[in-house]
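Please read the structure below before turning to the comments.
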Number of protein chains: 2
Amino acid sequence: MPVDLTPTQALGLWHEVTLQQVHQDGRDLTLRQLAILLEIYLVPPPHTVRGLAAKLGVTKPVITRALDTMGELGLVTRMRDDRDRRNVVIKRTVDGALYLEHLGDLIIARGRAQTL
Amino acid sequence: MPVDLTPTQALGLWHEVTLQQVHQDGRDLTLRQLAILLEIYLVPPPHTVRGLAAKLGVTKPVITRALDTMGELGLVTRMRDDRDRRNVVIKRTVDGALYLEHLGDLIIARGRAQTL
DNA sequence: GGGGAACGATACGGTAGCGTAACGAAAATC
DNA sequence: GATTTTCGTTACGCTACCGTATCGTTCCCC
């Protein structure tokens with residue numbers, strides 16, 4: 001799709017996608033929440049609270065809260081690690097995968113419109 | 001830059017940019033705020049509160065609040081319209097332009113890394 | 001010029017995020 | 001086996017956003 005995207009076009013793409021996202025998605029995830037979600041789904045597991053906190057450069061409560069919220073939305077799940085019961089392993093869900101798949105398609109669609 | 005971006009790669013790009021943004025930018029704009037900012041800077045003026053509200057599909061107080069916040073951050077300014085003093089015209093600022101320019105560069109840089 | 005419409009801002013109660021600090025449970029260390 | 005460390009969560013006070021409703025100002029129109 002996008003070929004030779006300029007900075008301006010890149011911003012235009014961001015604009016289109018953001019706009020669409022604001023319009024249709026009532027969920028309205030924070031930038032941080034989205035970053036966490038993407039990290040969980042795009043980087044090979046396992047994912048832990050502390051690992052995500054380190055990767056994003058935020059404190060642990062931020063991760064816990066984000067997981068609470070996104071858990072209620074059905075986008076992620078948590079399970080205790082049986083090998084080290086201090087750890088919590090973050091799991092993906094079908095809804096979460098669909099959510100991101102939808103976002104990916106949106107980017108592509110807008111990117112295509114952007115370069116036409 | 002990105003050539004033949006797949007949905008997965010598009011998500012990867014979003015991931016990288018979001019991650020970077022979370023890391024370095026303390027401002028942490030809402031998705032809505034970012035959409036408003038992009039609208040102001042990428043679409044030809046004039047911009048009004050009601051116009052932005054309609055374009056984004058949100059209520060007017062949302063726009064007013066967002067302009068308050070981003071105004072304090074120096075990203076936008078407001079001026080009363082002298083021809084119709086009921087209106088408020090939203091103006092761009094140097095800082096706002098720099099902010100988005102930075103974001104555009106970030107997208108390009110990450111997009112390049114994405115397809116390497 | 002008086003009644004109504006349009007525009008943006010404000011008020012209000014509620015919700016959700018933040019950072020710092022402390023907590024309980026589990027593992028590691030000695 | 002007691003102490004220390006690690007891990008995730010919770011508590012606290014605070015800030016910022018939300019939606020609905022209302023307000024003051026300005027313009028429009030008869």
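Both backbone and side-chain heavy atoms feed into the values below; hydrogens, waters and symmetry mates do not. Order of the sequence lines sets the chain letters (A, B, ...), proteins ahead of strands, with each chain counted from 1. Bear in mind that the values here come from a model prediction, so they are computed numbers and not experimental data.
- Remark: T8(B) OG1 to Y41(A) OH distance equals 14.5 Å, nearest 0.5 Å.
- In this structure a side-chain-to-backbone donor-acceptor pair under 3.5 Å is present from T93(B) to G74(B).
- The 5' end of DNA chain C is approached more closely, in terms of each residue's nearest nucleotide, by T30(A) than by the other of K60(A) and T30(A).
- At a threshold of 4.0 angstrom between heavy atoms, the contacts of Q33(B) are confined to the sugar-phosphate backbone, with no base atom among them.
- When each of T64(A), I40(A), V43(A) is paired with L52(A), the side chain to side chain contact (heavy atoms under 4.5 Å, CB included) condition holds for I40(A) and for no other.
- With rounding to whole Å, R65(B) atom CZ is found 18 Å from dT15(D) atom P.
- For T64(A), a side-chain nitrogen or oxygen approaches OP1 or OP2 of dT9(D) to under 4.0 Å.
- For the residue pair H102(B) and Q24(B), a side-chain donor N or O sits within less than 3.5 Å of a side-chain acceptor on the partner.
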Using residues 54-63 of chain B as the side-chain source, report each donor-acceptor pair under 3.5 Å to any protein atom, sequence neighbours left out, with the distance given to one decimal.
| from | atom 1 | to | atom 2 | distance (Å) |
| --- | --- | --- | --- | --- |
| K55(B) | NZ | E39(B) | OE1 | 3.2 |
| K55(B) | NZ | E39(B) | OE2 | 2.7 |

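- Under 4.0 angstrom from either OP1 or OP2 of dG8(D) there lies no side-chain N or O belonging to R78(A).
- Using a 4.0 Å cutoff to heavy atoms of chain A, the contacted part of DNA chain C runs 5' to 3' from dG17(C) to dA27(C).
- In this structure, T59(B) does not reach the dC18(D) phosphate: none of its side-chain N or O atoms is under 4.0 Å from OP1 or OP2.
- Atom C1' of nucleotide dC18(D) and atom CD1 of I63(B) are separated by 13 Å, given to the nearest angstrom.
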Short N/O separations, protein against nucleotides 27-30 of chain D, under 3.5 angstrom:
| from | atom 1 | to | atom 2 | distance (Å) |
| --- | --- | --- | --- | --- |
| dC27(D) | OP1 | R85(B) | N | 2.9 |

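- A straight line from CZ of R80(A) to P of dT6(D) spans 17 Å, rounded to a whole angstrom.
- The closest donor-acceptor contact from the side chain of Q33(B) to the backbone of T30(B) lies under 3.5 Å.
- Nearest-nucleotide assignment on DNA chain C puts the 5′-proximal partner with R32(A), out of R32(A) and P61(A).
- The CG atom of L67(A) sits 16 Å away from the P atom of dC7(D) (whole-angstrom rounding).
- In this structure, the CZ atom of R50(A) is 17 Å from the P atom of dT5(D), given to the nearest Å.
- Following chains of ILVMFWY side-chain contacts shorter than 4.5 Å, one cannot reach L75(A) starting from V89(A), and the two form parts of different hydrophobic clusters.
- Protein atom CG of L29(B) is 13 Å distant from nucleotide atom C1' of dC17(D), rounded to whole Å.
- T48(B) and R50(B) are linked by a side-chain donor-acceptor pair at a separation below 3.5 angstrom, with hydrogens and angles left out of the test.
- Under the 4.0 Å criterion applied to side-chain N and carboxylate O atoms, R78(B) and D68(B) are assigned as salt-bridge partners.
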